[in-house]
Every structure is written in structure tokens, then in C-alpha cells.
Asks: 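Here it is, the structure, as C-alpha cells.
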Protein chains: 2
Amino acid sequence: MPAISHTPPPTPPLAAVETVDTSFLETLMGYNARRASLTIVEHFMRRMAVYELRIVDFSVLSLISRNPGITSRQLCGTLGVLPPNLVAIIGALEKRELIERLPHPSDRRATGLHLSPAGQALVAQAEVTAAELEEEATARLTATERKTLMRLLQKIYR
Amino acid sequence: MPAISHTPPPTPPLAAVETVDTSFLETLMGYNARRASLTIVEHFMRRMAVYELRIVDFSVLSLISRNPGITSRQLCGTLGVLPPNLVAIIGALEKRELIERLPHPSDRRATGLHLSPAGQALVAQAEVTAAELEEEATARLTATERKTLMRLLQKIYR
DNA sequence: TATTGTTATACTCTATAACTATA
DNA sequence: TATAGTTATAGAGTATAACAATA
């Protein structure tokens, strides 16, 4: 049986933290993907502000542009937005006269979404800006690294 | 001068969209980073549910573990959380008796955050799970690709 | 019976202003 | 005067339930 010490255990040092050690979090793909994603999102919001477009608005317009007649349901499935939350998004874009709702050719429950001429002009400009800001946000990467990064990210989510 | 047609312009075809073309969005780094990030986040939330930890809770515990005595302000700066929003997070972890607040050695305005023994045990388990789920989420990548991806993501946000 | 689009609503996350105690 | 931590609160984003019209 060991001797029992009657002195209290030593008080912990309680030193102040000088610089925060984030090395463990940086070994996690989730942490790195999130940080990188947030960085690009910042660039995006700053550059798209002139068009008064959020990321979801830009995505919706771009998808309608390349898929004229797409339905709300298809947009929801593609972008991971729940149907009730798309209503206000579509409504606002329609109120700005950037998109139009036309009857769906074969399903009277649905409506086909189309860009107005103003919407086509806006999305054309916004897509140029999007390409530019991508270059900005990934300026520290070479063209080859950019392609590699794109490919590896797609391997995760596809 | 060309002849003027008096017939109305042809009605647009209004064909239904069969499969949604997402090829343009897939050329954007922001889109790919966000999709990949969301995929990993899903894995994370599912696996961390047993510990009742959200990503921010895990991050806070892991940072306190490696930086005992870290202040709320330092956590905010590291994780990009605003001070008012950290209060409830810290409060809940303290109520669960996973962390303890001890006086800061040199600044009486601040409090140093420390893990309780229960908190240390939980974070140790959670970090193992985190490493496992990372493997799951990036299962389609080789070890080399994983390292490359990590490096390229860090080049964007650092 | 299932699906599209919608309303209402609740919950979470994020952001801003203002206060106290201390530096 | 500036900073750490806090409260109250507002706004954005995300979630579920339920309904009418149509498939």
C-alpha cells in the first residue's frame, strides 16, 4: 500500500494560451473543405452584390438559363433546397421580372420556368463575373492545381 | 430591305426538361467546394449524433483539449463565431460538465477554458470517430489524393 | 394513392447594438 | 479608450405539417 500524501495535488499551471494550436482540426477534410468553401463564398457575395444576387439566386438563374422550362421541383432536387423555401426565391426573381412562369407542356400541376430577356442579360453578365471571382479566389493555385482540386472535390460528392 | 413577315414569331417549343444540365455550375470551384463540404458535414452530423455534438461543439472541445486555458475570444477568432453566439455554446458544454471555467492567470476580464475529465474522455472518443468518418467521406480518394486535396484546400483559405 | 406547388410555422444560425467589468 | 464576456434581439437560413390541384 502506497503512502498517502496529505499535501493537496499541485495546482494546474493555468498558463495563458499564446497562439492557438489548430493543427488537429487542419488534419480533417471537413474543416479544410468548409474553410475553403467559406472563403470562396465571401468572394462570391462581394462580387455578386452589384447584381443583388445571392448564391442561390445565381444558381437558380444559371440553371434556368441552361434548362429552359425547368420546374421548381427539379430546381429543388438539383440545389438541395426544400420546396417551401424555393417559393420565395422564385417569387422574388419573378417580381424583378428576371424569370417568367409558363405552363408546363404535359403536367398541369407544374409550371415551366424561363428567363426574361432582362434575366438572360443579367445571368450572362453574372456568369462572367462568377468566372472572374473564381480566378480571384483561387489565385494561389496554378491552372493544373485548379483542375486537380475540382476533380478531387467531385470525387467526394458525386 | 428584307421583306417583313406578318406572321407572329414561332411559339417557343416549351419542351419539358428531361435531365437537368448542371455542367456550368460544375465548372465553378465554389459550387464543387460547397457540395463536397456538405457531403462531409452530413457524415459528420450522423456520426457525431451519438455524442450529441454539433460540428461547432466538437471544434470547441477539440481546441480546448489542445489549448487548455484558451479564452472565448480566442475560440471566436479561430472558428469564425461571433462572441454573442459562443456564449450559449460554452454555456451548454459547461452545463453538461464537459468543460470548466477557471480564472485567467493575467486578465481578470477573461476566463480560461479547460476540459473536465468527462470532457477529455468524450473528446478522445469523438476525435477517433472524426478520423473514421473522414475516411468514410473520402473513401473514393487514394491516400495521395487525400493529401493533395488537403493541401490545395489550404492554399485557398490560408 | 402520389406528386407539384403552396401556406403557415418553428427552429437554427448568424448578425448588431448595448451593457459591465477590467485593461 | 479599448477589450472580454454577456444580454437582448433581429434577420437569414432551414425544417416539418398540411392543404388544393392534378397525375
Side-chain angles (χ1 to χ4, degrees), chain A residues 14 16-18 20 34-35 37-38 41-42 44-46 48-49 52-60 64 67 69-95 99-114, chain B residues 16-18 20 34-35 37-38 41-42 44-46 48-49 52-60 63-64 67 69-95 99-114:
Chain A
L14 282 191
V17 172
E18 302 283 344
V20 179
R34 186 177 150 80
R35 290 287 302 265
S37 178
L38 288 178
V41 164
E42 279 173 36
F44 203 101
M45 293 195 299
R46 183 158 16 93
M48 287 293 162
E52 294 181 77
L53 293 179
R54 296 164 302 169
I55 293 181
V56 68
D57 299 317
F58 172 81
S59 304
V60 163
I64 297 175
N67 302 273
I70 193 172
T71 67
S72 289
R73 196 71 186 71
Q74 288 176 308
L75 283 176
C76 286
T78 305
L79 295 175
V81 176
L82 291 169
N85 299 330
L86 190 67
V87 175
I89 296 168
I90 295 295
L93 293 174
E94 191 186 26
K95 192 168 185 182
I99 65 175
E100 293 166 1
R101 302 185 210 223
L102 296 175
H104 190 278
S106 60
D107 188 339
R108 277 189 300 166
R109 294 172 304 182
T111 55
L113 300 171
H114 300 261
Chain B
V17 172
E18 301 284 344
V20 179
R34 187 177 151 77
R35 289 288 301 268
S37 179
L38 288 179
V41 165
E42 280 173 36
F44 203 101
M45 292 195 300
R46 181 159 17 89
M48 287 294 162
E52 294 182 77
L53 293 180
R54 295 165 302 169
I55 293 181
V56 68
D57 299 317
F58 171 82
S59 304
V60 164
L63 283 173
I64 296 175
N67 301 273
I70 192 173
T71 66
S72 290
R73 195 70 187 73
Q74 287 176 310
L75 284 175
C76 285
T78 305
L79 295 174
V81 176
L82 292 169
N85 299 329
L86 190 67
V87 175
I89 296 168
I90 294 295
L93 294 174
E94 190 184 28
K95 191 167 185 182
I99 65 175
E100 293 167 0
R101 301 185 210 222
L102 296 176
H104 189 278
S106 59
D107 187 339
R108 279 188 298 164
R109 294 171 304 180
T111 55
L113 300 171
H114 300 260

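Reminder, nothing fancy here: chain letters follow the sequence lines and each chain counts from 1.
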Asks: I need the A:Cys76 SG to A:Arg73 CZ distance, nearest 0.5 Å.
Replies: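 Between A:Cys76 SG and A:Arg73 CZ, I get 6.5 Å after rounding to 0.5 Å.
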
Asks: Is the closest side-chain heavy-atom distance between B:Val60 and B:Leu86 below 4.5 Å?
Replies: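 Result yes, sub-4.5 Å side-chain heavy-atom pair found.
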
Asks: In whole angstrom, what separates A:Leu82's CG from C:dA10's P?
Replies: 18 Å

Asks: Test B:Val81 against B:Leu75 for side-chain contact (heavy atoms from CB on, under 4.5 Å), laying out the working first.
Replies: CA-CA 8 Å; B:Val81 176; B:Leu75 284 175; over 6 Å; no

Asks: Rounded to the nearest angstrom, tell me the gap between atom CE in B:Met45 and atom C1' in C:dT12.
Replies: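 Rounded to whole Å, this separation is 12 Å.
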
Asks: How close do B:Phe44 and B:Ile55 get, counting heavy atoms only, and between which atoms?
Replies: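 Shortest heavy-atom contact: CD2-CG1, 3.5 Å.
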
Asks: Calculate the interatomic distance between B:Ile70 atom CD1 and D:dG5 atom C1'; express it in whole Å.
Replies: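 So the two atoms are 15 Å apart, to the nearest Å.
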
Asks: Detail all sub-3.5 Å separations between protein N/O atoms and N/O atoms belonging to nucleotides 19-23 of chain D.
Replies:
residue : atom : partner  : partner atom : Å
D:dA23  : OP1  : A:Arg108 : N            : 2.9
D:dA23  : OP2  : A:Arg108 : NH2          : 3.4

Asks: Who passes side-chain hydrogen bond (donor to acceptor under 3.5 Å, both in side chains) against B:Glu94, sequence neighbours left out?
Replies: B:Arg101

Asks: Got a list of protein N/O to nucleotides 6-8 of chain C N/O distances below 3.5 Å?
Replies:
residue : atom : partner  : partner atom : Å
C:dT6   : OP1  : A:Arg101 : NH1          : 2.8

Asks: Using a 4.5 Å cut-off on heavy atoms from C-beta on, say whether the side chain of A:Val17 contacts that of B:Gln74.
Replies: yes

Asks: Output all residues satisfying side-chain hydrogen bond (donor to acceptor under 3.5 Å, both in side chains) with A:Arg54, sequence neighbours left out; order by chain, then residue number.
Replies: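 Here the qualifying residues are A:Asp57.
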
Asks: For the pair made of CD1 in A:Ile99 and P in C:dG5, what is the distance, rounded to whole Å?
Replies: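 That distance rounds to 12 Å.
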
Asks: Can you find a heavy atom in the side chain of A:Ile99 that is under 4.5 Å from one in the side chain of A:Ile90?
Replies: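 In contact.
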
Asks: Can you name the residues that form a salt bridge (charged side-chain N to carboxylate O under 4.0 Å, His left out) with A:Arg109, not counting sequence neighbours?
Replies: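 Checked A:Arg109 against salt bridge (charged side-chain N to carboxylate O under 4.0 Å, His left out); matches are A:Asp107.
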
Asks: Looking only at non-hydrogen atoms, find the nearest pair between A:Ala16 and B:Pro105 and report the distance.
Replies: N-CG, 3.7 Å

Asks: Output the rounded distance in Å from CG (A:Leu86) to C1' (C:dT4).
Replies: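 From A:Leu86 CG to C:dT4 C1': 12 Å.
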
Asks: Return the angle between end axes of the helix from C:dT1-D:dA23 to C:dA23-D:dT1, with five pairs used per end and rounding to 10°.
Replies: 10°

Asks: If you assign each of B:Arg73 and A:Arg54 to its closest nucleotide in DNA chain D, which residue comes earlier from the 5' end?
Replies: B:Arg73

Asks: In whole angstrom, give the distance that lies between atom CD1 of B:Ile55 and atom P of C:dT12.
Replies: 16 Å

Asks: Would you kindly give the CG-to-P distance between B:Leu38 and D:dG13, to the nearest whole Å?
Replies: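 These atoms are roughly 14 Å apart.
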
Asks: Would you compute the distance between atom CG of B:Leu102 and atom OG1 of B:Thr111 and round it to the nearest 0.5 angstrom?
Replies: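 The OG1 atom of B:Thr111 is 9.0 Å from CG of B:Leu102, to the nearest 0.5 Å.
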
